[in-house]
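We count ligands from 1, going down the list as the structure has it; atoms in each ligand are counted the same way. What's counted below: heavy atoms across the whole structure, side chains too, no hydrogens, waters or symmetry copies. Please read these numbers as outputs of a predicted model, since none were measured by experiment. In this chain, numbering begins with 1 at the start of the sequence shown.
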Amino acid sequence: MKKVAVIMGSDSDLPVVKKAIDTLSEYGVPYEVHVYSAHRTPEEARSFSMNARKNGFGAIIAAAGKAAHLAGALAANTTLPVIGIPVKSSNLDGVDALLSTVQMPSGIPVATVAIDGAANAALLSIEMLAIEDAGLAEKLDAARAKASAAVLEKNRKISEEFNK
Ligand code: RP5
């Protein structure tokens, strides 16, 4: 199976990024986690994404806050899909990072999830790997079925209480 790269701009992003790591672990998807900053370690960030495909990665998750250009900088050097997580790490509550990450000019896409949306970033990367992996697709289907059943059970309880 291809690996997923989880890159964060700073170790201060880890509490958010942890949900992505946990989700990848739950699904048994192999991953690597690194701290590479687009502005503090631009060479390392560039080198990682340039070599990511040949190093066995299938997708890259990039988490950054403030003037968040990490996802775009990684996307500039690879044609692997890059998923950006805008991190809420500033006085602007992550809106700065959201706009920086989502507003990529044409030609270099970054699929952007919600502010601090690390679990969805991991799920999206898993869906990408599941295009060619039936076992992974089955796990995704099972998780959706479980989530539906949980909501229906909540509906049953609420209906019992209020719809007499
Ligand atoms: C961004 O600046 C990082 O992704 C982090 O969200 C934010 C603050 O970084 P630190 O000053 O905590 O290292 O580059």
Side-chain angles (χ1 to χ4, degrees), residues 1-133 136-137 139-140 143-144 147:
M1 192 189 299
K2 298 276 186 200
K3 294 180 285 183
V4 173
V6 182
I7 315 292
M8 65 198 100
S10 167
D11 62 351
S12 65
D13 298 320
L14 185 58
V16 169
V17 169
K18 187 73 175 46
K19 290 194 194 82
I21 299 169
D22 291 345
T23 303
L24 292 168
S25 294
E26 272 170 37
Y27 279 82
V29 170
Y31 57 81
E32 279 185 29
V33 184
H34 296 280
V35 178
Y36 292 132
S37 162
H39 49 277
R40 290 170 177 152
T41 62
E43 283 313 318
E44 286 78 3
R46 177 171 178 272
S47 166
F48 181 88
S49 75
M50 273 180 71
N51 295 309
R53 187 183 292 276
K54 79 163 191 270
N55 286 337
F57 292 95
I60 298 176
I61 294 172
K66 298 184 175 173
H69 40 257
L70 179 61
L74 294 172
N77 292 299
T78 183
T79 52
L80 289 176
V82 174
I83 302 164
I85 307 171
V87 175
K88 180 176 168 177
S89 63
S90 76
N91 292 337
L92 297 181
D93 283 341
V95 173
D96 43 1
L98 171 64
L99 297 179
S100 299
T101 306
V102 80
Q103 287 285 40
M104 282 299 290
S106 288
I108 312 291
V110 167
T112 306
V113 295
I115 295 169
D116 290 354
N120 266 0
L123 287 171
L124 189 53
S125 73
I126 294 165
E127 289 179 355
M128 288 166 181
L129 300 190
I131 291 170
E132 297 288 343
D133 187 321
L136 212 44
K139 285 187 188 175
L140 287 164
R144 292 274 180 106

J.: With rounding to the nearest 0.5 angstrom, report the OG to CG distance, Ser89 to Asp13.
T.: 6.0 Å
J.: Does the Ser47 side chain pair with the main chain of Glu43, one donor and one acceptor, at a distance under 3.5 Å?
T.: no
J.: Is Asn55 reaching over with its side chain to a backbone N or O of Asn51, donor-acceptor style, under 3.5 angstrom?
T.: yes
J.: Scan residues 105-119 for pairs that pass side-chain hydrogen bond (donor to acceptor under 3.5 Å, both in side chains), counting only residues two or more places apart or in two chains.
T.: none
J.: Might you confirm whether atom CD of Glu132 has over 12 heavy atoms from other residues, nucleotides or ligands at distances under 6.0 Å?
T.: no
J.: Name the residues in contact with ligand 1, where contact means a heavy atom under 4.0 Å away: which are they?
T.: Gly9, Ser10, Ser12, Asp13, His39, Arg40, Ala64, Gly65, Ser89
J.: Would you call the rings of His39 and His69 parallel, tilted or perpendicular, where under 30° means parallel and over 60° means perpendicular?
T.: perpendicular
